[in-house]
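What follows is a set of notes on a single structure, which appears directly below.
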Amino acid sequence: MISKEGLIKRFISYVTIDTESDPNSNTTPSTQKQWDLANKLAEELKSIGMHEVTIDDNAYIMATLPSNVEHDVPTIGFISHFDTSPDFTGANVKPQIFENYHGGDILLNKEENIVLSPDYFEDLRQYIGQTLITTDGTTLLGADDKAGVCEIVSAMEYLINNPDIKHGKIRVGFTPDEEIGRGAHKFDVEKFGADWAYTMDGSQIGELEYENFNAASAKVKVKGKIVHPGYAKGKLINSMYIATEFINSLPRMETPEHTEGYQGFFHLSNMTGKVEETVLEYIIRDHDMKKFEARKALFEKLANELNSQYETEAIVVEIKDQYYNMKEKIEPVMHIVDIAEEAMKQLNIEPLIKAIRGGTDGSQLSYMGLPCPNIFAGGHNFHGRYEYVPVESMIKATEVICKIAELTALKK
């Protein structure tokens, strides 16, 4: 059995190390503090008995668990990221443990009256009677994706200590900067040497995903003209008003707060403005490639229309593709999803096969030649003060890793 106490201890040792990434940095990793956990992980992998443990100049960690069977078995991999999102602070994380969750409100922070409530976060009710690890309400937790890291390390340790469980060669990989879209950018797929892999980076227990958004970032730069407001008639052009017209020209209901499932969206993530210049920063998302291209084309169309209206090149749009739907790369090798699904069923976990409303290292890795579906890691409410993870879900995710390794070894 996976040790509950050991899993909790390991997880807390990870989340109390600040590894927040920085999208404005040009280095890899994007923050120096990510090295603190990266170096710890490399040493820990050695200490539990992993082979070929490496950490490169960009903090990418790889290690090997050698096969313990004589017949040929595909080499599989398990991958997670150790950075945390810059959306909310990951400094001075103070995790709280609530055993035998009673099903009601959880007071995270008495001083600030911060409450984690099932009336708002309905998923909590799935975990009545279980052990929850939460924040203290002032930081994120970091279960995204230190839960996945913890599960992979714990699974490898369990397999090493239980050699009666037969498995082929297993590679593990831990990456920096996934939260800022760069987790796979410098991942050496050839060096990793796996036939396929799984990212342990999903949310609730049972999730198994091989579809994700097509994604792009868009920067809309709006130029105006500043003139003394007392003498501005016919001369002043307020860039903030033009930017507002652009915002209001997009479909109002196609935003994250109004969409679900396979519905795509436009998301205004940041804006800065003065009369002379306003900058809008968007992300564009859609599972369907045709709709994705149409969304990008709409940005150009609106910019052209407004430029024509104002008889000036007031708006410039810069669009950059970020990643694509990995479904195209996974469907030809669907047996790798089937193995994960069967592993869950054998562990009495109901597989929840659905599309990711986001991205994953697995998407980019799949297009780099390493097919890589995504498996639950157990956490909820990522990137904020209400993040939590049920310990029992982490144990099940650890067991899924071991079971996938076992089932793959049966494929002769």
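Predicted model, so just to flag it, every value in this text is computed and none were measured.
Counting non-hydrogen atoms of neighbouring residues, nucleotides and ligands closer than 6.0 angstrom, the CG atom of Asn248 exceeds 12 such neighbours.
Take Ser154 and apply the side-chain contact (heavy atoms from CB on, under 4.5 Å) test, not counting sequence neighbours, and it matches Leu7, Arg10, Cys150, Thr398.
Between Glu44 and Ser47, the side chains place no donor N or O within less than 3.5 Å of an acceptor N or O (distance only, hydrogens not considered). Side chains of Glu387 and His380: a donor-acceptor N/O pair is absent below 3.5 angstrom, by distance only. Defined by atom type and a distance below 3.5 Å, a donor-acceptor pair is present between the side-chain atoms of Thr199 and Asn374. When only modelled atom types and interatomic distance are considered, Gln263 and Arg285 share no side-chain donor-acceptor pair under 3.5 Å. Side-chain N/O atoms of Ser25 and Ser30 include no donor and acceptor closer than 3.5 Å. Lys146 and Thr19 form a side-chain donor-acceptor contact under 3.5 Å, judged by distance and modelled atom types alone. Side-chain N/O atoms of Gln126 and Asp123 include a donor and acceptor closer than 3.5 Å. Asn307 and Tyr310 form no side-chain donor-acceptor contact under 3.5 Å, judged by distance and modelled atom types alone. For the residue pair Asp105 / Ser117, a side-chain donor-acceptor distance below 3.5 Å is found, with atom types taken as modelled. Side-chain atoms of Thr28 and Asn58 include no donor-acceptor pair closer than 3.5 Å. A donor-acceptor contact under 3.5 angstrom links the side chains of Gln346 and Glu342, judged on distance only.
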TODO: Could you check Val275 against Leu236 for side chain to side chain contact (heavy atoms under 4.5 Å, CB included), going step by step and ending with a plain yes or no?
DONE: CA-CA 9 Å; Val275 171; Leu236 186 147; 4.3 Å; yes
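Ring geometry, Phe121 versus Tyr386: the interplanar angle falls from 30° to 60°, so the pair is classed tilted.
Checked for salt-bridge contact, Arg357 and Glu260 miss the test: no charged N lies under 4.0 Å from a carboxylate O.
Checked against the 6.0 Å centroid criterion, the rings of Tyr60 and Phe174 do not qualify as a close aromatic pair. For Phe266 and Phe299, the gap between ring centers is short of 6.0 Å. The six-membered or imidazole ring of Phe78 lies near that of Tyr198, with a centre-to-centre distance under 6.0 Å.
Formation of a donor-acceptor pair under 3.5 Å by the Thr16 side chain with backbone atoms of Val93 is not found in this model. For the pair Asp177 (side chain) and Ile180 (backbone), a donor-acceptor distance under 3.5 Å is absent.
When each of Phe265, Tyr210, Tyr262 is checked for a ring pair (Phe, Tyr, Trp, His ring centres under 6.0 Å) with His287, only Tyr262 meets the rule.
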